[in-house]
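Beneath this line is the structure, given in structure tokens, with notes to follow.
Chain identifiers are assigned alphabetically (A, B, ...) following the order of the sequence lines, protein sequences preceding nucleic acid strands; residue numbering begins at 1 within each chain. Note that the structure is a prediction, hence the values are computed from the model and not measured.
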Amino acid sequence: MDAFDLFRKLGAGAKFDLKRFGQDAARFKVNLTDAAGDVLDEKITSNSKVTEEEEGDGEEYEEGGESEDSGAGGKRKHKDEERDVKRKKKKTKRKQTELEGTGCGCLELTGRFQLFLSFPDVNRIRSQHRINVHGSDVPDPVCTFEELQSEYRLNPRVIQNLKDAGLNSPTPVQMQAIPLMMHGRELLACAPTGSGKTLAFCLPLLAHLQQPANLGFRAVIISPTRELASQTYRELLRLSEGVGFRVHIIDKASLAAKKYGPQSSKKYDILVSTPNRLIFLLNQDPPALDLSSVEWLVVDESDKLFEGGKTGFREQLATVFLACSGSKVRRAFYSATCTSDVEQWCRLNLDNLVSVNIGHRNTAVETVEQELLFVGTENGKLVAMRDIIKKGFLPPMLVFVQSIDRARELFHELVYEGINVDVIHADRTQQQRDNVVSSFRSGKIWVLICTALLARGIDFKGVNLVLNYDFPTSAVEYIHRIGRTGRAGHQGKAITFFTENDKPLLRSIANVIKQAGCPVPDYMIGFKKIHSKVKRRLEKRPPKRSAICTTPRFLMKKKGNAPNRGQKGEKQTFPYISSHICSCIIN
DNA sequence: AAAAAAT
């Protein structure tokens with residue numbers, strides 16, 4: 001069974017099974033042995049803390065996640081003893097599993113690290129920045145961008161471009177992931193929202209490619225949405241300004257078919273795209289895209305792109321992997337959240353994998369002030385939303401809903417409020433989507449209603465408020481949504497509406513909030529843990545919600561005709577907006 | 001069966 005077969009098997013929804021995939025597991029063990037052997041020659045970075053700090057796949061968001069840095073410690077004092085004991089037990093158990101299993105073969109070698117002079121320093125730097133690495137022969141983190149020039153021959157013009165953009169020193173994920181990629185190491189990097197992941201893979205790509213060359217695409221970046229692809233593309237353009245790299249994004253696959261054909265594709269260096277467009281081009285006869293010279297394949301938002309199911313991304317990703325047929329191809333996976341699925345796959349299929357984790361996995365950033373707001377019923381949401389608008393808020397604000405229909409409905413309710421509001425979802429045209437994003441970036445839109453389309457990766461500068469109008473369908477989705485604010489160390493705020501229907505997922509999200517240091521009512525944490533089967537069902541079928549509408553039925557006779565906004569009509573149309581205070585709000 | 005993803 002080769003790696004691709006395995007990928008297909010996993011893609012079909014099969015769970016990892018040591019017996020079935022014994023061959024691959026055996027191969028993996030060989031890798032491990034090699035890794036352990038190398039320890040003697042080179043410095044190595046894992047230590048016992050790594051195991052203790054790892055929070056597994058974060059499935060339940062149950063654990064307190066005690067931080068070692070004192071700054072965060074103060075916020076996490078609401079520990080009850082019982083839970084503490086429970087967690088310690090869990091940790092011990094996990095530690096044993098790790099040692100017995102294939103998790104890390106180097107824990108017992110800690111003593112040898114002392115032979116290397118630089119080790120204490122490197123270790124201090126890593127713990128200072130909450131960098132946890134797992135793997136063998138891990139290069140030292142870099143502390144300045146200048147080191148990238150001196151040690152990794154990054155074009156000085158790129159560093160100048162960084163400085164011009166106001167970026168003066170690398171973030172933790174950049175400190176560790178960049179040298180790793182420069183050493184050609186395949187990696188799985190997990191770092192919080194807004195912590196500089198894009199730059200963490202773009203810089204090493206530019207340094208690795210060195211010069212523009214007519215060899216065809218040598219680096220490919222895959223994103224789950226066009227908006228994210230286009231943002232990454234623009235970031236790359238800005239970084240490589242004056243260096244001459246040919247960066248490309250596939251904007252229209254039909255046009256691209258001509259542009260990137262076998263003869264002409266040699267003119268490009270880096271490709272950014274969503275996966276299905278690549279598939280479309282690869283499936284042309286003859287193929288309109290050649291990925292055989294790809295040396296780096298970056299999978300951004302990797303857990304999203306690993307989503308299976310009939311129409312999931314996983315199969316598409318597999319096809320792209322297969323198309324990158326060159327012998328030199330290296331792969332890097334980045335995301336703010338990581339599922340055990342992705343990790344298992346990476347452990348089995350990537351060459352001598354290194355995992356980089358910044359802080360605790362699958363946690364929300366502490367720079368977002370998070371609040372849960374009970375609004376009673378569906379109608380309560382609209383009332384509370386209008387209340388927020390009426391009380392005054394600092395735009396820009398992002399409002400997340402669960403479906404395209406609900407995005408449309410909410411837009412129609414708010415479009416007459418006298419605020420600049422717009423809506424974005426996958427059913428709008430690309431032109432509309434592009435216009436909305438650029439208007440929101442430039443401040444012309446104050447309130448943007450959106451679906452999961454904008455939940456991941458998108459970097460709007462200075463979003464002051466994220467409002468979860470509809471409860472997120474999972475803790476992971478919650479983390480990504482609220483990660484649109486509080487980016488790059490800035491302060492942000494997130495409010496999440498919930499009703500009686502949202503009770504099943506309340507506990508896991510309350511735990512995320514508590515772990516990020518925000519207060520949460522005790523009773524929520526006390527809720528019963530939901531069964532993972534129920535949780536999966538909720539992700540696929542969120543609670544049914546009644547339509548977003550406050551217009552009395554008698555005013556809705558004319559279909560498609562918006563309620564009159566006239567002075568007299570306004571009172572009739574929205575008779576209870578301005579004075580009504582949501583009595584249900586308890587928080 | 002949310003949303004996303006080719007024309």
For atom CG of Asn283(A) and atom C1' of dT7(B), their distance in whole Å: 13 Å
Under 4.0 angstrom between Thr225(A) side-chain N/O and dA3(B) OP1 or OP2: no
salt_bridge(Asp303(A), Arg456(A)) N-O dist < 4.0 Å: yes
Exercise: identify the closest heavy-atom pair between Leu291(A) and Val320(A): CD1-CG1, 4.4 Å
Nucleotide of dA5(B), dA3(B), dT7(B) approaching Glu227(A) most closely (side-chain heavy atoms): dA5(B)
Nearest-angstrom distance from the residue atom NZ of Lys304(A) to P of dA4(B): 9 Å
Touch class at under 4.0 angstrom, heavy-atom based, for Ile279(A) against every strand present: nothing
Length of the line joining Leu278(A):CG and dA6(B):P, which is rounded to integer Å: 8 Å
Whole-Å gap separating C1' (dA1(B)) and CD (Glu307(A)): 13 Å
Residue-phosphate contact under 4.0 Å: Arg226(A) side-chain N/O, dA5(B) OP1/OP2: yes
Distance below 4.0 Å between Arg314(A) side-chain N/O and dA4(B) OP1 or OP2: no
Touch class at under 4.0 angstrom, heavy-atom based, for Arg433(A) against every strand present: sugar-phosphate
Closest listed nucleotide, where the reference is the side chain of Leu453(A) and the choices are dA6(B), dA4(B), dA3(B): dA4(B)
Spacing between Phe400(A) atom CZ and dA3(B) atom P, to the nearest angstrom: 14 Å
Salt bridge (charged side-chain N to carboxylate O under 4.0 Å, His left out) assessment of Lys197(A) paired with Asp459(A): CA-CA 11 Å; Lys197(A) 288 187 288 295; Asp459(A) 185 45; over 6 Å; no
Spacing between Gln316(A) atom CD and dA6(B) atom C1', to the nearest angstrom: 10 Å
Residue pair Glu413(A), Lys381(A): steps toward the salt bridge (charged side-chain N to carboxylate O under 4.0 Å, His left out) verdict: CA-CA 12 Å; Glu413(A) 284 301 324; Lys381(A) 290 183 179 177; over 6 Å; no
Touch class at under 4.0 angstrom, heavy-atom based, for Thr274(A) against every strand present: sugar-phosphate
Residues that Tyr334(A) engages under ring pair (Phe, Tyr, Trp, His ring centres under 6.0 Å), provided they are two or more places apart: Phe201(A)
Value in whole Å for how far the C1' atom of dA5(B) lies from CG of Asp427(A): 12 Å
Between dT7(B) (C1') and Leu282(A) (CG): distance, integer Å: 16 Å
